[in-house]
Amino acid sequence: MKLFVVVLCYRVPDLTIECLQSLKKEVGRVPNTRVAVCENGTGGDAAERLSRAIDEQGWNSWCELTVVHPNRGFCGGNNLVIRPVLESDDPPEFMLLLNADTIVQEHALKRLVEFMDSHPKVGIAGSQLLSPDGAMQGSPFRFQGIGSELNRGLRLGIISKLLPGVTMPKTAQASSVDWVAGASMILRTSMLEQIGLLDEGLYTYFDDIDICLRARRAGWETWYVPESKITHLEGASTGITGAANQGVRRLPSYWFQARRRFFLKNHGKFYTAMADGAFLLGFAIWRLRRWLQRKPDTDPPHMLVDSFRHSVFYTGFELREVENPALRMVTMAKQREGP
């Protein structure tokens with residue numbers, strides 16, 4: 001097998017079918033490509049609709065469906081599909097993590113595979129992500145740190161010019177970067193065998209920056225490949241950003257928990273405390289300045305309180321896994337039912 005594509009579906013079966021439709025021609029451009037769809041605990045008739053579409057469209061020759069319940073998050077769902085393939089007699093050279101809320105543009109897969117074939121030191125590469133109107137989205141990024149966290153909170157033009165931002169320049173040619181978004185991320189199998197799969201303790205967020213950082217520390221490079229273009233309906237599954245979002249929503253607890261785990265695991269207690277303090281200080285100053293200047297409030301509700309509540313100053317320094325809300329609901333339901 002050359003390429004194994006994993007498409008994770010959560011609450012977006014119709015978009016998943018559109019994604020598979022866009023993959024139909026592209027898998028033929030990369031011989032020995034397989035696609036696996038993981039229906040990740042949506043419930044209802046989502047799995048039936050996906051299975052029916054695969055059968056009726058004749059996609060069975062290159063696409064298979066795995067149904068999971070309850071939802072395992074981005075990391076757990078992907079790992080559940082990837083792990084047995086890696087352990088099989090015919091593991092692929094490359095894995096592609098592809099969001100269900102994407103449309104694969106012409107030659108996107110081929111361009112990624114060709115790039116990886118010609119750059120053996122690259123462990124991870126990401127596509128150029130485009131909004132439906134053609135605007136380029138945030139990826140690629142710099143690794144987050146104390147300075148970028150202060151900048152994220154403070155938002156003061158003259159200071160922001162001196163502090164590192166998170167987004168990196170979007171070059172017209174392939175370029176080496178810190179990390180790329182997991183919406184379309186190709187992974188070299190030999191790298192995964194060295195550093196391991198996605199950290200399931202992160203649940204859904206900060207998984208892409210985490211694996212790119214682990215790859216960097218193990219000697220692998222991460223590149224941005226704009227010749228591979230993907231249309232991305234950002235946030236369609238989570239509703240946090242993008243077209244699915246109606247107004248600004250409160251960030252879920254698992255976002256903050258994942259951020260906390262990422263910093264503690266990769267940077268240690270002191271650095272995490274400094275990063276938390278930098279953001280809280282900067283964001284508190286920004287909230288005061290916004291109120292004094294009567295600027296519109298575009299921040300997620302309760303952002304300052306939630307950030308403090310999930311910081312190491314309130315929760316301590318123990319490294320914890322992110323709580324899976326779907327598994328918590330299942331556990332609570334069993335407890336109500338009794339023995």
Measure from NZ or CZ of R152 to the centre of the six-membered ring of F279, then state whether that distance is under 6.0 Å and the direction lies within 45° of the axis.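 Satisfied, under 6.0 Å and within 45°.
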
Could you tell me if the ring centre of H119 sits under 6.0 Å from that of F115?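 For H119 and F115, the ring centres are under 6.0 Å apart.
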
[X] and [Y]: side chain donor to acceptor below 3.5 Å:
X: N71; Y: Y203; result: yes
X: Y254; Y: E323; result: no
X: W255; Y: Q257; result: no
X: E234; Y: S131; result: no
X: R260; Y: S311; result: no

Side-chain ([X]) to main-chain ([Y]) donor-acceptor, under 3.5 angstrom:
X: T231; Y: L130; answer: no
X: S22; Y: I103; answer: no
X: R188; Y: V122; answer: yes
X: N266; Y: F262; answer: yes
X: N151; Y: G153; answer: no
X: N79; Y: L198; answer: yes

Tell me who clusters with L292, hydrophobic residues only, linked when side chains sit under 4.5 Å apart either directly or through other members.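 Reading the cluster by chain and number, L292 sits alongside L288, W291.
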
Option among T66, L65, L8, T16 that satisfies the side-chain contact (heavy atoms from CB on, under 4.5 Å) test with E39: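 Going through the options one by one, the only one that passes is L65.
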
If you measure from the Lys or Arg side-chain nitrogens to the Asp or Glu carboxylate oxygens, is any gap between [X] and [Y] under 4.0 Å?
X: E200; Y: R83; value: yes
X: K110; Y: E26; value: no
X: E321; Y: K265; value: no

Quick one: which residue pairs count as a ring-ring contact (aromatic ring centres under 6.0 Å, His included) with a foot in residues 65-99, not counting sequence neighbours?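 Listed by first then second residue: nothing to list.
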
Under 3.5 Å, side-chain donor or acceptor atoms of residues 50-61 against the rest of the protein: list the pairs with distances, not counting sequence neighbours.
{"unit_1": "R52", "atom_1": "NH1", "unit_2": "E48", "atom_2": "OE2", "d": "3.4"}
{"unit_1": "D55", "atom_1": "OD1", "unit_2": "N60", "atom_2": "ND2", "d": "2.7"}

